[in-house]
Structures are given as C-alpha cells and as structure tokens.
Amino acid sequence: EDQVTQSPEALRLQEGESSSLNCSYTVSGLRGLFWYRQDPGKGPEFLFTLYSAGEEKEKERLKATLTKKESFLHITAPKPEDSATYLCAVDNAGNMLTFGGGTRLMVKP
Amino acid sequence: DGGITQSPKYLFRKEGQNVTLSCEQNLNHDAMYWYRQDPGQGLRLIYYSQIVNDFQKGDIAEGYSVSREKKESFPLTVTSAQKNPTAFYLCASSIWPTGYTFGSGTRLTVV
C-alpha cells in the first residue's frame, strides 16, 4: 500500500526565514510525485511534478527536490502570501494519487 | 478557459436527506475523482472513474454514490447512510502527465 507522510504538520516562519518541508513516501513504482498549494476554503493548486530521483524544479521562492525515499519543498525568503497548506502526493502508475496530510505554513511579517 | 466547476459552493443537509454535489469539467480528461477533506487533514478518496460508465470505490465509499454518464460530468450523492457527512468535498480530473486539476470545492454541513 502506498504511503505518504508529510512533516512538520505545521510550520511558523518569520518573513525572510528560509526552511524546508518534507514528504516521505513508499510506493510500489513511482510514476510521479506532485506538490500542491491549498488556500483555506479552496481547491489545491498544482505546483510541481517530479519524475525521478535527483530531479529539481523551481518556481519563484519554491524549489522541489526528489530522492528515492523523500521529497523536499524548499522555501527561500518566504513572504506572508506564501502562507498556505502544502500537499504532497504520489502516483504509482495507477492513475491515482495518494496524498499526505499536508504541512500548514504560516509566514508572519 | 478550461477547468472544473463544482456546485454549489455551500450545501446544507438535513438528517435523513440525500444531497447531490455537481462536478463538471471541460478539460477533456478521461479520469475524474471525488475526495473528502476534514479540517486539518489530507484528502481521502471516495470514488473515481477512469472512463464513462465505469467507476470504482475509493477508501471511504460507504454512504456515497456516483454516476458517470458523460465524460464531462461526475456527480456525487451523499446518502442518508453517511453518518458524518460534514466536510469539504473536492472533485478533480486528470490526464497524464499533468496530474490532477481540482475544482474549488463544496462545503457540506449537516443541520
């Protein structure tokens, strides 16, 4: 059974204080690992897809990396508007995603 | 613009009542999904459909039903058998390698 565990559950940062979110996974055959951002009361918004170990992708202050066991979402010099819940999910080639519980990020000015 | 439309945004259900949540997509995606999200928790799969006229149970299908008569539509009915239906419901569609596109959600409350 595929499993995805995200840590920490919640993270408070000061504006400009860089940090990383972790996504550990076990999957029978990884086809892709996805990162989403979710604002309160809204649907998740796609950020990145990573396909193989060693791959990295960047978007503004966010950088996602992937190893064979985990993925990190690095946030550099965050701003208050980066506050959201970040969700990680894996696709095992069954055309279904298994989601982690999410990390709730709060960035204070 | 292509996307997924969920309606209504807010829905109130009385005890013993069935309610139907609408999900429509114009992305030409074959696969569609329904997820439930409880406060502070991740997404749990209720039902999914890979093609028209076919659907499969997810992890928490009890008390729910779906239909997939058209590629564009995947409505979810929350039946009276679902004892704790208050939650945020998300519909999604997908096509590889784009991943999932989500709707804006329906918040269901039992009154």
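Chain letters run A, B, ... following the sequence lines, proteins first and then strands; every chain starts at 1.
In the displayed structure, Lys71(B) atom NZ is contacted under 6.0 Å by more than 12 heavy atoms of other residues, nucleotides or ligands. Atom CD of Glu9(A) sits in a sparse spot, with 12 or fewer heavy atoms from other residues, nucleotides or ligands closer than 6.0 Å. Counted within 6.0 Å of CD on Glu62(B), heavy atoms from surrounding residues, nucleotides or ligands total 12 or fewer; the atom is thus considered open.
Side-chain contact between Leu43(B) and Tyr36(A) is absent, with no heavy-atom pair separated by less than 4.5 Å. Leu90(B) is listed as a side-chain neighbour of Gln38(A), based on a closest heavy-atom distance under 4.5 Å.
In terms of heavy-atom pairs under 4.5 Å with chain B, the best-connected choice from Gly101(A), Ala89(A), Gly32(A), Gly100(A) is Gly101(A).
Cluster annotation: Tyr48(B) is not connected to Val66(B) through the hydrophobic network of ILVMFWY side chains, with a link wherever side-chain heavy atoms come within less than 4.5 Å. Residues Val52(B) and Leu76(B) are members of separate hydrophobic clusters, defined by side-chain heavy-atom contacts under 4.5 angstrom among Ile, Leu, Val, Met, Phe, Trp and Tyr.
At a 4.5 Å heavy-atom cutoff, Glu45(A) makes no contact with chain B through either its backbone or its side chain. Within the 4.5 angstrom heavy-atom criterion, no atom of Ile4(B) approaches chain A.
Here the side chain of Tyr100(B) pairs no donor or acceptor atom with the backbone of Phe34(A) at under 3.5 angstrom.
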